[in-house]
Amino acid sequence: MEIIRFADLKPEPWRNGGGVTREIAGNSGAGSGPGTGHNGGWDWRVSIAEVSKAGDFSPFPGMERVLTVVEGELLLLTVDGAEHPLEKYRAFRFSGEASTTCALPTGDVRNLNVITRAGKFKGFTSIIELSKKRAHPLFAGQLGVLLQGQATATDGAEAGTATGTEGPGPVALDRYDTVVGSDSGSPEILGRGFLAVVSIDEVTG
């Protein structure tokens, strides 16, 4: 079971000084799912950005973006001249090459960003409410990001013996920690709060 700890992610300040991004996972073009690679000529990327100042978004030609506000109340996004008020936990899809600016009418926000190369990958973000009684599994091509609350992750292959790769028993997750999905012993998340499930699907045909 692979867990990406938010505390270990390197902050990357924006060139315009308006925010900071921490990359959770990415694909260099050599693989086809979460956990296969990071920097370079990438085909997809998942990150969390802290936005503290209104301004322009960097363009990503040939890419598609899915943005979800995960902390803060409201982000006002203007995409090619059209305004889109984005409330917390509502995913919004738009072209990476569109002229995009943001305003912060209620203060700073934190966003979960999924960027995929159009025609090669398709990204999706779903927000689910966790349960202490029914575990939520994560499969290959998925990332589970704990947005709020308390939760533990258990290696599905070891669920019966309550062991995991990070030690015996379920592994506690901190806010914004990410569990990488797998079809072999799919990790299972239990707890209370909200989990973002990011799916990266390879486009075929």
* To do: Of all the heavy-atom pairs spanning Cys102 and Val51, show the shortest one and how long it is.
  => SG-CG1, 4.0 Å
* Structure fact -> For Ile200 and Gly123, the nearest pair of non-hydrogen atoms, with its separation, is CD1-CA, 4.3 Å
* **Any donor-acceptor N/O pair, Glu50 side chain to Arg110 backbone, under 3.5 Å** => no
* Assess whether side-chain contact (heavy atoms from CB on, under 4.5 Å) is satisfied between Trp42 and Ile115, documenting all intermediate values. => CA-CA 10 Å; Trp42 47 273; Ile115 306 177; 3.8 Å; yes
* Under 3.5 Å donor-acceptor, Ser95 side chain and Glu97 backbone -> yes
* **Interatomic spacing from CZ in Phe92 to CG in Leu67 - rounded to 0.5 Å** => 8.5 Å
* Asked: Looking only at heavy atoms, what is the nearest atom pair of Lys122 and Val203, with distance?
  -> N-CG2, 4.1 Å
* Structure fact -> side chain to side chain contact (heavy atoms under 4.5 Å, CB included) with Val145: of Val70, Thr68, Ile48, only one passes, and it is Ile48
* Taking all atoms of both residues into account, what is the closest heavy-atom pair of Ala196 and Ile127, and its distance? -> CB-CD1, 3.8 Å
* Structure fact -> Shortest non-hydrogen pair, Ser182 vs Pro187, comes out as N-CD, 3.7 Å
* Asked: Quick one: CD on Glu64 to CZ on Phe121, what's the gap to the nearest 0.5 Å?
  -> 13.5 Å
* Structure fact -> From the list Val79, Thr78, Leu76, side chain to side chain contact (heavy atoms under 4.5 Å, CB included) partner of Thr101 resolves to Thr78
* **Shortest non-hydrogen separation from Ala151 to Ile189 and the atoms involved** => CB-CG2, 4.0 Å
* Asked: So how far is it from Phe57 CZ to Asn113 CG, rounded to the nearest 0.5 Å?
  -> 7.0 Å
* What's the verdict on side-chain contact (heavy atoms from CB on, under 4.5 Å) for Val197 and Leu138, showing C-alpha distance, side-chain angles and the deciding distance? -> CA-CA 8 Å; Val197 179; Leu138 294 169; 4.2 Å; yes
